[in-house]
Amino acid sequence: RRNAEVSVMLLCGQSRGLAVHPPTNCFQAAGWIPLVTPIQRTFRSGEVTLELNQIDFTAREGGPPALRVYWGWSVDPRQWVAPENPRLALYKHHFVYKIYGSRGLTAAEAKQALEPGTVDPCQEALLATVTELIARRESLSEPTSAGSTETADRSIPGHRYAGAHR
């Protein structure tokens, strides 16, 4: 659906804080009621693969879906995963990315399942966000005198850094 309002949140931090639990815990604590268990959705564009969980929530028992949420984690922005237990799957990584996308559903959308191959506006927004993240990370790379590319910004996990370490 064109002109859909979508919210995207991209986080980067220590895995012990970002991979504690799936967002379904937080949404339920805020009063949202899940209609089904999360469904894994995978979509690709070029070298980017987003394997994300998707779930629809309702605001009241027996009500129509009112909110669709996607989420996943990554240690490399080109490859996103949606593990059943993120804490166990990501504990070896000091820093991770976490992404959420959500949008309200119309009454018509609430009545029909997302058909395989159909692209949800939330998926488009998530892919655009990840593509921008990759472009910004690459723009921070600068050639060194040896001709290799190293990142001078120490805040980006998974990169080698030019200069002395503090």
Side-chain angles (χ1 to χ4, degrees), residues 1-15 17-87 89-90 93 95-140 153 155-158:
R1 151 184 120 150
R2 298 285 177 224
N3 300 319
E5 187 173 316
V6 174
S7 295
V8 175
M9 181 171 57
L10 176 65
L11 305 167
C12 179
Q14 294 182 355
S15 61
L18 293 182
V20 174
H21 59 266
T24 49
N25 296 13
C26 297
F27 280 93
Q28 287 176 285
W32 291 95
I33 301 164
L35 295 174
V36 293
T37 58
I39 301 166
Q40 275 197 354
R41 301 275 187 206
T42 301
F43 44 107
R44 294 173 180 82
S45 178
E47 58 185 20
V48 177
T49 299
L50 294 163
E51 177 188 288
L52 303 175
N53 282 312
Q54 176 215 315
I55 193 167
D56 292 346
F57 289 96
T58 186
R60 65 188 188 295
E61 192 68 49
L67 185 67
R68 176 166 291 154
V69 180
Y70 292 87
W71 71 94
W73 291 265
S74 176
V75 294
D76 170 4
R78 288 178 171 79
Q79 182 68 43
W80 293 78
V81 296
E84 188 173 325
N85 189 329
R87 175 179 258 169
L90 299 167
H93 303 282
F95 283 93
V96 297
Y97 291 99
K98 185 176 187 178
I99 197 165
Y100 296 92
S102 62
R103 71 178 185 94
L105 299 174
T106 65
E109 290 170 323
K111 292 178 183 176
Q112 50 185 291
L114 191 61
E115 297 293 325
T118 302
V119 178
D120 184 285
C122 215
Q123 293 173 343
E124 291 175 334
L126 290 163
L127 185 57
T129 301
V130 168
T131 301
E132 180 67 18
L133 170 64
I134 293 166
R136 287 182 182 227
R137 282 180 53 147
E138 289 174 354
S139 74
L140 293 173
D153 183 343
S155 65
I156 301 175

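Throughout, residue positions are numbered sequentially from 1 according to the sequence presented.
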Checklist outcome for this item: Separation between CZ (Phe43) and CG (Leu52), nearest 0.5 Å, reads 4.5 Å
Checklist entry - Which atoms form the tightest heavy-atom contact between Pro77 and Val48, and what is the distance? => result O-CG1, 4.3 Å
Next on the checklist: Any non-hydrogen side-chain atom of Leu140 less than 4.5 Å from a side-chain atom of Arg136?
Outcome noted: no
Checklist entry - From Thr131 OG1 over to Arg78 CZ, what is the distance, rounded to the nearest 0.5 angstrom? => result 9.5 Å
Item to check | Criterion side chain to side chain contact (heavy atoms under 4.5 Å, CB included) on Ile99 and Tyr70, from CA distance to verdict | outcome: CA-CA 8 Å; Ile99 197 165; Tyr70 292 87; over 6 Å; no
Item to check | Considering all heavy atoms, the nearest Cys12-Leu18 contact | outcome: C-CD1, 3.6 Å
Checklist entry - Under 3.5 Å, side chain of Gln123 to main-chain N/O of Asp120, donor-acceptor pair present? => result yes
Item to check | side-chain contact (heavy atoms from CB on, under 4.5 Å) partner of Leu11, the single match among Tyr97, Trp73, Tyr100 | outcome: Tyr100
Checklist entry - From Glu84 CD over to Thr37 OG1, what is the distance, rounded to the nearest 0.5 angstrom? => result 9.5 Å
Checklist outcome for this item: Rounding to 0.5 Å, atoms CD1 (Ile39) and CZ (Arg41) come to a distance of 5.0 Å
Checklist entry - Stepwise, does the side chain to side chain contact (heavy atoms under 4.5 Å, CB included) test hold for Val6 with Glu124? => result CA-CA 10 Å; Val6 174; Glu124 291 175 334; over 6 Å; no
Checklist entry - Do you know which two heavy atoms are closest between Glu51 and Thr42, and how far apart they sit? => result CG-OG1, 3.7 Å
Item to check | Nearest-0.5 Å distance, CG of residue Leu126 to CH2 of residue Trp80 | outcome: 9.0 Å
Checklist entry - How many angstroms lie between CG in Leu50 and OG in Ser45, if you round to the nearest 0.5 Å? => result 9.0 Å
Item to check | Non-neighbouring partners of Arg87 that pass salt bridge (Lys or Arg N to Asp or Glu O under 4.0 Å), sequence neighbours left out | outcome: none
Next on the checklist: Please enumerate all residues that pass side chain to side chain donor-acceptor pair (under 3.5 Å) together with Gln28, with sequence neighbours excluded.
Outcome noted: none
Next on the checklist: Does any part of the side chain of Cys122, heavy atoms only, come nearer than 4.5 Å to the side chain of Arg68, both counted from C-beta?
Outcome noted: no
Checklist entry - Between the main-chain N or O of Gln79 and the side-chain N or O of Thr49, is there a donor-acceptor pair closer than 3.5 Å? => result no
Checklist entry - Are any of the side-chain heavy atoms of Thr24 and Phe57 separated by less than 4.5 Å? => result yes
Next on the checklist: Side chains of Gln40 and Asn53, heavy atoms from C-beta outward: is any pair under 4.5 Å?
Outcome noted: yes
Checklist entry - With side chains defined as the heavy atoms from C-beta onward, is the minimum distance between Pro34 and Phe27 less than 4.5 Å? => result no
Checklist entry - Which atom pair, heavy atoms only, marks the closest approach of Ala89 to Pro83? => result CB-CB, 3.5 Å
